[in-house]
Student: 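Can you read through this structure? Questions will come right after.
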Amino acid sequence: MKRAQNDMTLSLVNLQSMADSYAEDLQRVTRRVIVCAGTGCVANGSLEVHDGLAQRIAEAGLPVVTQLESELSGSHDWNHVSQSGCQGFCQMGPLVAIEPDGILYTCVHLGDVQDIVEQTLQHGQLVERLLYRDPASQRVCRGQADIPFYAQQQRRVLKQCGRVDPGDLREYVHGGGYQGAQRAYQQMTPEEVCAEVARSGLRGRGGGGFPTGRKWQLTLAQPGPKKFVICNADEGDPGAFMDRSVMEGDPHSVIEGMMIAARAIGADEGYFYVRMEYPLAVRRIRQAVADAERIGLLGDNLFGTGRRLRLHVMEGAGAFVCGEETALIASIEGKRGMPRPKPPFPAEQGLWNKPTVINNVETLASVPMILKESPERYGDVGTSDSSGTKTFALTGHVANTGLIEVPFGTTLRTIVYEIGGGVIDDDGKLDPAGFKAVQIGGPSGGCLTPDHLDLPLDFDSLQSEGAMVGSGGLVVMNQRTCMVQMARFFMQFTQNESCGKCVLCREGTKQMLAMLDDIIEGNATPRTLELMQTVANAVRKGSLCGLGKTAPNPVLAMMRHFREEIEAHVLQKRCPSGRCQALAEPEILAHLCKGCTLCIRKCPVDAIVGERKKPHTIDVEKCIRCGACAEACKFKAVVGI
Amino acid sequence: MKNQSMITINNRAVPINGERSLLEVARNSGIDIPTFCYHSDLSVYGACRLCLVEVEGRGIIASCSVRAEPGMVVRTHTEEIRELRKISLELLLANHPQSCTTCGKSTSCQLQSLCRRLGVNEVRFRQTDRDLPVDHSSPSLVRDPNKCVLCGDCVRACKEIQAVGAIDFVHRGAAASVAPAFGRDLAEVECVSCGLCTAVCPTGALIPKPETEPVWAALNDPQKTVVVQIAPAVRVGIGEAFGMEPGSIETGRLVASLKALGFDQVYDTGFAADLTVIEECTEFLERKASGERLPQFTSCCPAWVEYAQQFCPDMLPNLSSCRSPQQMFGSLAKQTLPEKLGIDIDDLVVVSIMPCTAKKHEAKLEKFRTEGRAHVDHVLTTQELATMIQEAGIQFRQLQPESLDMPFGFKTGAGVIFGAAGGVTEAVLRYGVEQLSGENLAHVDFEELRGQQHVREATVTADGMTLRVAIVQGLKNAADLVARVRAGEANYDLVEVMACPGGCIGGAGQPITLARDAKRQRTAALFQVDKMLQLHKPQENHLVSECYDTVLGSAGGPRAHQMLHTNYRHRRRMNGSELTILENHHEAKLEVSVCQGTSCFLRGSQPLLSALTQRINEHGLQDRVQVTATFCFEACDRGPTVRIQGNAIHHCTLHTAWAAILDECNTVPAPK
Amino acid sequence: MENDSLPVVLSPETQRYSKVCEILQRNNNDRSRLIPILQQVQEEYHYLPEEVLTFIATPLRLRPAEVYGVATFYSHFALQPKGKYTFRLCDGTACHVRRSTAILDALYKHLELSEAKSTTDDMLFTVETVSCLGACGLAPVMLVNEKVYGQVTPEKAVEIVNTIMAEEKAA
């Protein structure tokens, strides 16, 4: 009896037959309509678009399926309307891709469904109004191949993201999925797995850039039968959503990465720690784990080797600091998410004091390719110290915002001007001279300036410039951005999110925030700057955890790259970008003023004088800095307010 | 010595002797690296960042949380480190009220002394302290969150040593603070008043509640006769407040200073302790003979009694019913002194000098009052007495020793060693072994009971009978022992529990000392007092015997019981409201409450509650029955307890509860 | 006795309260599952009532102070009841540089709320900020209960409030 049961569990998952059956189904599909179901597009109504398309196609009398679940019969020209994870170009969502035609429709709404079905699916014509128009050249683009946003990218981690149906395990397998894990379990020793990953040069994508293979080796070397793997999906940096997109769009790649990591260190249990702000990612990962368990990919007998792996999904509860690994562990253990001193490192004493490996989502999603193809193949792009590609969340004052992936070593110029399509002003218009800075790596990161536009981005080049890859948030800022205000924004964030445990971080961030307020309010003196530098250095050197140590980075970066701008605030009580209300120095630029008198009529305190058709002037003493004049002026002649 | 592992600290070779951290190695080598959040008895926390040192090849690290590794090269006061430490202190000061001169912790505050030591002479930052309310609710402690530096020593002490967990960190970042649950006052939560938090608190955020003013008032009131009892541990602690070595025996000068302050009679709690030994041992021998309610737990530590009443309700029958020596003394004093001294009872004021903060709480309990009069009116800690002596300008070290007053100033060594952990047990055995064997006990020292470990066990034989005793300090150790007793893994006859590590000599009311060996020295001093006294057994105290003859009757008799014993009840841990599980809005309803207190919980009240709720729902009775979860019916030995229409059902099962509900349902009309 | 049971009719009201025990049992009274338990309790009650926190401490063998300490550490947990409609304004970098603060100010002003007072007296609206929702491509982003709004302006936000108010009045 027992024997029989064992045989049952030993019935192996046959990846090949799964892939074959899927391929067979695929042959009967002539067209695939892929609707982006990432968070951004869903918010704009992409699910309605998806349902509308399916319905409309059916109404048009064409054969349509939304899921390639069972074997398709009869007709050989099925239309497959599927949902995908984030396709990246969030700003232009909802996105609808049509394959194999290579068409990408942007800003698609329910009202556009009929045209897509009739013109494109039935008559093979393009719906031009839904195509992307490059704002720089005004060229109309057909799809990913000629949209500059995509053309300059090299998508590896995101390759399947935005194409495959994240809810369809067969599709993942059909694309070569779980072959890497199978190899790791059936053909390799843990040492070999560690060695291959080490050879690929993969470095942790969560911030520090620690070599992944080395981390695994250290954990493998720890004695003891019980070990854990944790996927750190607590992507908390404001302005970063790469991990969210991977989990939503290609959850099985992360699970496969977890399986390989577990094999490498000898773990039989693992956790996904996903932040609660990502409900869709939580749902997709949960579903993917359940699917993998159901067919025996996960469970008590992985690939017939008798090895076990159980994966749990835990939702965070809203604490940025839980991205720090010891705080994350405390949180899984049901405690306040406060970091503890290291050593001991999690590799030695992690979850419930057992050796634990913690990797971030993107790192884990990169692993399957290394094992499926080869470490050398993985390392064939990137730089010598930073191999492979990196995803970034490109946001801020840039024409094309979204999720991108480029090889390490790509320059900032390529990212901002080619992929991002250039810098925009506050009204959303392209401004060729508008680039002021890029904030990289979130609140713990740093700033890059026009001086760095040709710097090849990798772990070490950024480090030497006082910035960091961090989790990969890239926020572009235009000339109208006040860097003191930005530093204050990040300091406010860090201070809110400090766990409050260690003195330097808790009290130091509080004081730095107060000093930034002084600068913004015009109450600072040169001594304030000196003191701010002192505190920033102390917090950097003496804080307990990595987050504390990097908390002063926004201040340090500002002092390093925008010294003049701060000094203008402090010494001349002037905000060069005119963002600081208390320092506003309103002025009407004579060469722009047409003398229309609109501002005179809008001013509530009669501070503006001037004759018609002649440049007006503001009485700075009378002015209450309400900004009504600047808002009213059509010629942007009112500045400094 | 050859194989000794060494490290280099500030160019000097220093040996490693198995210390748990680099910090300990440095301290053992004579370098006092500053800390707030490090405490050798507690887990490592790593938050204050004062213990930063520079280790070659590793940079700046916190010495509290790294192990010393042979060959390490360490520097403890580089420019960088000095700067970091000073900034940390300066940042703390910016968030700390600048009211040092009027603070109760002034001169013994570590923030103050470190700022002086490290040369912090200005605060360049903006003052950011908040004006949070001060918690005066506890009779024993004052909590001023404004002065907290968030080192967490109190939180860890309360949790790790006492297993009470009355306070914890709440909120985070700049809003982080240490507070009881739901921001309540200490008096409303589980706090047992042991005061360990005040002993470890580096600042004035937690201090023993001062009570000197009413004592001064009484002393300065010519109408009042003020008598005072001094606890054993006070005599070996008070000297430290005046710059003497830990363990200086200062009974004589203590008496002289109290006389100089104006106390009319100075007595010794040791007298009452002799009495306690006789009562407690009588009780113990009765239990031993009948084999019931063993092990007997001691009851002289009020923090432990409070703990047991909250967390070990099932063990309450095992607690000795004896009052603590302080309360025995108070009861006896209020009963006999008015007549003896020829005064009106309302003019008699009884003061205690105690090493303890929990005694303040104990003295205020309603059960220790007769006709509205407290048996003990005021309790001062050793620290508070020292401040009174200082205020009066009495030069303690120059005083000529004086003698205690009779009759309550007379004690044997047994009453004195009460002040050290293990002392109660030893004293009980000095009486008990003689009682059992009927022979004179020649050798009174039970060396096997002594030591510094916080959990000790011993077996003593007397008259062919084996007595298994255990001595634990720290309520966490007590809780673990209780768990072992419950599980049947441990089998004792007598268990002595002291909340404070070291016993009363280590009490939270003792002078704050930085001497690492103070507890051992104080203990040694108490046993030295025992040696110096002529009598060592309570049964040899002729004044105690006289007291039995004239006032108390026989040991363990009814009169003694009335005056010297007490009873216990399960105390609610939180003043929590009831939780309605099944609610109905019909007027006529059947009220069912299920106790979810600790002891009922342990007996399965939670599954009972949910099964009952489910059954009510299944039978469509939810409109007629209102189910509430309550926290304690105080019938813990008979749990789980369910109350149906006011009738308590003990040892309740689903079957009995359901039967009763069906019965009662017939009396409640169905809703229209 | 089981066989003669009446048909099971559970009103939502009675269900709600018995959920606490169910949640605890579902989580095996495991103290390390405190955070999921609190999440599930909050899902049920929409906040964490004090008596529920005290109640769950006993079976989890934790002290109420520790439960409270964990509950106050994480911003997701609410110790006060929230309004029927919770507006969560993303305060991530991308939203911030696209002036999300102006939206927050407009909502505060329109509903007479502030950082200290985040729920209206009629318990209809709660306004709060939330750390990055990761929908940066749509910045500035706002959540109303579960619904995501992208590219929000102060005017649009106020309009949403007014629409809800009108619906509530009509209902």
Side-chain angles (χ1 to χ4, degrees), chain A residues 317-322 326-327 335-344 491-515 517-518 523-525 527-528 530-545 547-549 551, chain B residues 21 36-38 43-54 58-67 69 80-81 83-96 111 122-130 148-152 155 168-178:
Chain A
F320 174 70
V321 67
C322 288
T326 58
K335 301 176 194 153
R336 290 166 59 86
M338 301 202 288
R340 60 153 177 81
K342 292 188 278 189
M491 196 50 71
Q492 175 80 64
F493 177 86
T494 314
Q495 205 235 337
N496 281 344
E497 297 292 339
S498 160
C499 78
K501 180 173 175 176
C502 89
V503 175
L504 284 165
C505 171
R506 181 184 71 236
E507 303 297 334
T509 54
K510 202 196 284 179
Q511 291 295 342
M512 284 189 278
L513 185 64
M515 289 185 244
D517 277 336
D518 279 347
N523 300 325
T525 64
R527 200 173 137 86
T528 313
E530 205 179 295
L531 200 54
M532 190 156 72
Q533 184 85 50
T534 311
V535 178
N537 284 337
V539 176
R540 182 173 61 83
K541 285 183 202 161
S543 291
L544 167 63
C545 77
L547 292 178
K549 284 188 206 301
Chain B
S21 65
F36 279 131
C37 72
Y38 182 81
S43 60
V44 171
Y45 191 56
C48 75
R49 317 312 288 164
L50 290 180
C51 70
L52 294 175
V53 297
E54 189 187 295
R58 292 175 66 172
I60 294 174
I61 49 178
S63 59
C64 69
S65 38
V66 281
R67 275 188 167 278
E69 287 161 21
E80 208 172 13
I81 285 163
E83 171 83 8
L84 282 170
R85 286 184 186 149
K86 280 165 114 165
I87 294 258
S88 290
L89 287 172
E90 209 181 324
L91 285 167
L92 282 176
L93 284 181
N95 192 33
H96 193 90
L111 179 58
E122 64 169 336
V123 179
R124 294 166 292 176
F125 303 114
R126 187 189 289 182
Q127 203 62 28
T128 58
D129 54 309
R130 297 169 290 171
C148 179
V149 294
L150 293 168
C151 67
V155 173
D168 213 318
F169 287 102
V170 298
H171 299 291
R172 70 165 187 236
S177 66
V178 169

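Letters A, B, ... are given to chains in the order of the sequence lines, protein chains preceding strands, and every chain is numbered from 1.
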Student: B:Y45 versus A:M338: any side-chain heavy-atom pair under 4.5 Å?
Tutor: yes
Student: Looking at B:T128, B:L50, B:L52, which one has more heavy-atom pairs under 4.5 Å with chain A than the rest?
Tutor: B:T128
Student: If you compare all heavy atoms of B:R126 against all heavy atoms of A:A514, which two are closest, and at what distance to 0.1 Å?
Tutor: NH2-O, 3.4 Å
Student: Checking heavy atoms, do the side chain of B:E83, its backbone, both or neither come under 4.5 Å from chain A?
Tutor: side chain
Student: Which bit of A:Q511 comes within less than 4.5 Å of chain B, counting heavy atoms only: side chain, backbone, both or neither?
Tutor: side chain
Student: Test your reading of the model: is there a side-chain donor-acceptor pair from B:R172 to the backbone of A:N496, 3.5 Å cut-off?
Tutor: yes
Student: Is there side-chain contact between B:F36 and A:V503, with heavy atoms separated by less than 4.5 Å?
Tutor: no
Student: Report which part of B:A174 has an atom under 4.5 Å of a heavy atom belonging to chain A: side chain, backbone, both, or neither.
Tutor: both
Student: With side chain to side chain contact (heavy atoms under 4.5 Å, CB included) as the test, pick out the partner of B:L91 among A:E507, A:R506, A:K510.
Tutor: A:E507
Student: Using every non-hydrogen atom in the two residues, find where A:P341 and B:G46 come nearest and quote the distance to one decimal.
Tutor: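 Of all heavy-atom pairs spanning A:P341 and B:G46, the closest is CG-CA, 3.9 Å.
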Student: Is it the backbone or the side chain of B:F169 that comes under 4.5 Å from a heavy atom of chain A, or both, or neither?
Tutor: both
Student: Among A:A319, A:G337, A:G542, which has the most heavy-atom pairs under 4.5 Å with chain B?
Tutor: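 Looking at each of A:A319, A:G337, A:G542 in turn, A:G542 comes out on top.
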Student: Based on non-hydrogen pairs under 4.5 Å, which of A:K342, A:Q495, A:R340, A:E497 is most in contact with chain B?
Tutor: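 Of the options given, most contacts go to A:E497.
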Student: Which of the residues B:L92, B:I60, B:I81, B:V66 is involved in the greatest number of heavy-atom pairs with chain A at under 4.5 angstrom?
Tutor: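 Answer, by heavy-atom pair count under 4.5 Å with chain A: B:L92.
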Student: If you count heavy-atom pairs within less than 4.5 Å of chain A, which of B:S88, B:C151, B:A47 leads?
Tutor: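 Most heavy-atom pairs within the cutoff with chain A belong to B:A47.
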Student: Find the one option among A:D518, A:T528, A:N537 whose heavy-atom pairs under 4.5 Å with chain B are most numerous.
Tutor: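 So the answer, after comparing A:D518, A:T528, A:N537, is A:D518.
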Student: Identify which part of A:R336 has an atom lying under 4.5 Å from any heavy atom of chain B, answering side chain, backbone, both or neither.
Tutor: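 Side chain only.
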Student: Mark yes or no for whether B:R49, through its side chain, and A:S543, through its backbone, hold a donor-acceptor pair below 3.5 Å.
Tutor: yes
Student: Give the minimum heavy-atom separation between B:I87 and A:A538, together with the two atoms involved.
Tutor: CG2-CB, 3.9 Å
Student: Drop me the distance from B:C48's SG to A:L544's CG, to the nearest 0.5 angstrom.
Tutor: 10.5 Å
Student: To the closest 0.5 Å, what do you measure between CD (B:E90) and CG (A:L531)?
Tutor: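 With rounding to 0.5 Å, CD (B:E90) is 7.0 Å from CG (A:L531).
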